[in-house]
Amino acid sequence: MPRKGELSKTARASLANREEVNHLTSRICAKCGEPIMLKELQPVKVIGKGMVYYHKSHYSIQQ
């Protein structure tokens, strides 16, 4: 049993084996028209239109 404030052996092993997941998605950026990598995906729900997808760097709230 781990001491207070420490992770268990299983928890430490799972953190060490974590892979970076980043792949090309089928979503197309609404601003530039290019496919979006998973880490750059910014989904936005638009009323009356549904979901729209952007690169995180291309999305900004327009007021």
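The shortest distance between side-chain heavy atoms of Tyr53 and Val44 does not fall below 4.5 Å. Within the 4.5 Å cutoff, no side-chain heavy atoms of Pro35 are placed close to those of Arg27.
Residues forming a side-chain contact (heavy atoms from CB on, under 4.5 Å) with Ser8 (at least two apart in sequence, or on another chain): Pro2, Thr10, Ala11. For Lys56, there are no salt bridge (charged side-chain N to carboxylate O under 4.0 Å, His left out) partners, not counting sequence neighbours. In terms of the side-chain contact (heavy atoms from CB on, under 4.5 Å) criterion, residue partners of Lys49 (sequence neighbours excluded) are, by chain and number, Val46, Val52. A search for salt bridge (charged side-chain N to carboxylate O under 4.0 Å, His left out) contacts involving Glu34 returns nothing, not counting sequence neighbours. For Tyr59, the ring-ring contact (aromatic ring centres under 6.0 Å, His included) partners two or more places apart in sequence, or in a different chain, are Tyr54.
Counting all heavy atoms, side chain and backbone alike, Ile36 lies closest to Ile28 at CD1-C, 3.9 Å.
From Asn22, atom CG reaches atom CD of Glu40 across 8.0 Å, with rounding to the nearest 0.5 Å.
When hydrophobic residues (I, L, V, M, F, W, Y) are linked wherever their side-chain heavy atoms come within less than 4.5 Å, the members clustered with Met37 are Leu24.
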